[in-house]
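Step one of this worksheet: look at the structure below.
Values below: all heavy atoms of this structure, side chains included; hydrogens, waters and symmetry mates excluded. Please read all numbers here as calculations on a predicted model, not as lab measurements.
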Amino acid sequence: MPAPAPQPPAAPEPWLPGSHCDHLLISLPYLQGPGLEKCPLADGHARIPWVLPVTAAETEYRRTHGHEALERLFDEYAIVPTDPRRPSVV
C-alpha cells in the first residue's frame, strides 16, 4: 500500500473564537517590567517570557522590521494584550 500523500499544514487558528490573533510572539514582559520577567528561586531565578497572541500581519511586520519596531507599534496603539478581539496594529 503506498504512503499517503503529504498534507499541507493546517491554517493557523485564532487563540479564541472571534480573535484575529492566530500566531504567538515570545517576548520579554516589557509592559510589566523586569519584576515579572525574573522569578526568584532558592538557587537562582527563572526567566518568565511573555507569550503574546498576535496577528499574521504583525508576525510578518516583525520579520521585516524587527522585534523592537513591532513593540513600538504596540505602544503607539496602546494595545490591551489580554483583549482577544483587539485589531492588528499593522
Side-chain angles (χ1 to χ4, degrees):
M1 174 184 264
Q7 299 296 312
E13 294 185 24
W15 71 297
L16 290 174
S19 175
H20 300 286
C21 299
D22 56 2
H23 288 68
L24 295 173
L25 176 69
I26 307 299
S27 179
L28 296 178
Y30 73 94
L31 289 177
Q32 287 79 21
L36 182 64
E37 177 191 349
K38 292 186 178 179
C39 177
L41 302 173
D43 58 349
H45 70 273
R47 292 184 72 188
I48 311 293
W50 196 26
V51 180
L52 176 66
V54 295
T55 67
E58 291 165 344
T59 299
E60 187 57 36
Y61 184 90
R62 180 185 176 274
R63 285 186 188 122
T64 305
H65 301 282
H67 189 88
E68 289 184 14
L70 179 58
E71 287 185 347
R72 282 193 297 273
L73 283 180
F74 289 158
D75 289 341
E76 181 181 328
Y77 285 87
I79 69 163
V80 177
T82 56
D83 179 3
R85 291 176 180 82
R86 73 166 181 82
S88 177
V89 298
V90 177

Return the minimal non-hydrogen interatomic distance between [X] and [Y], and the atom names on each side.
X   : Y   : result
H67 : I26 : CE1-O, 4.0 Å
P84 : L16 : CB-CD1, 3.5 Å
P53 : R86 : O-NH2, 3.2 Å

Query raised in the report: Is there a side-chain contact (heavy atoms from CB on, under 4.5 Å) between E76 and R72 once you walk through the steps?
Result: CA-CA 6 Å; E76 181 181 328; R72 282 193 297 273; over 6 Å; no
**Report entry** Criterion side-chain contact (heavy atoms from CB on, under 4.5 Å) on C21 and T55, from CA distance to verdict
**Finding:** CA-CA 4 Å; C21 299; T55 67; 4.2 Å; yes
Report summary line: Rounded to the nearest 0.5 Å, the NE2 atom of H20 sits from the CZ atom of R85 at a distance of 9.0 Å
Report summary line: Rounding to 0.5 Å, atoms NE2 (H45) and SG (C39) come to a distance of 9.5 Å
**Report entry** Heavy-atom side-chain contact between W50 and P81 under 4.5 Å
**Finding:** yes
Query raised in the report: If you link I, L, V, M, F, W and Y whenever their side-chain heavy atoms are under 4.5 Å apart, who else ends up in the same group as I48?
Result: none
Requested in this report: Could you point out which residue of L24, V89, T59 forms a side chain to side chain contact (heavy atoms under 4.5 Å, CB included) with V54?
Outcome: T59
Query raised in the report: Of L52, L70, L73, which is the lone residue that meets side chain to side chain contact (heavy atoms under 4.5 Å, CB included) with E58?
Result: L70
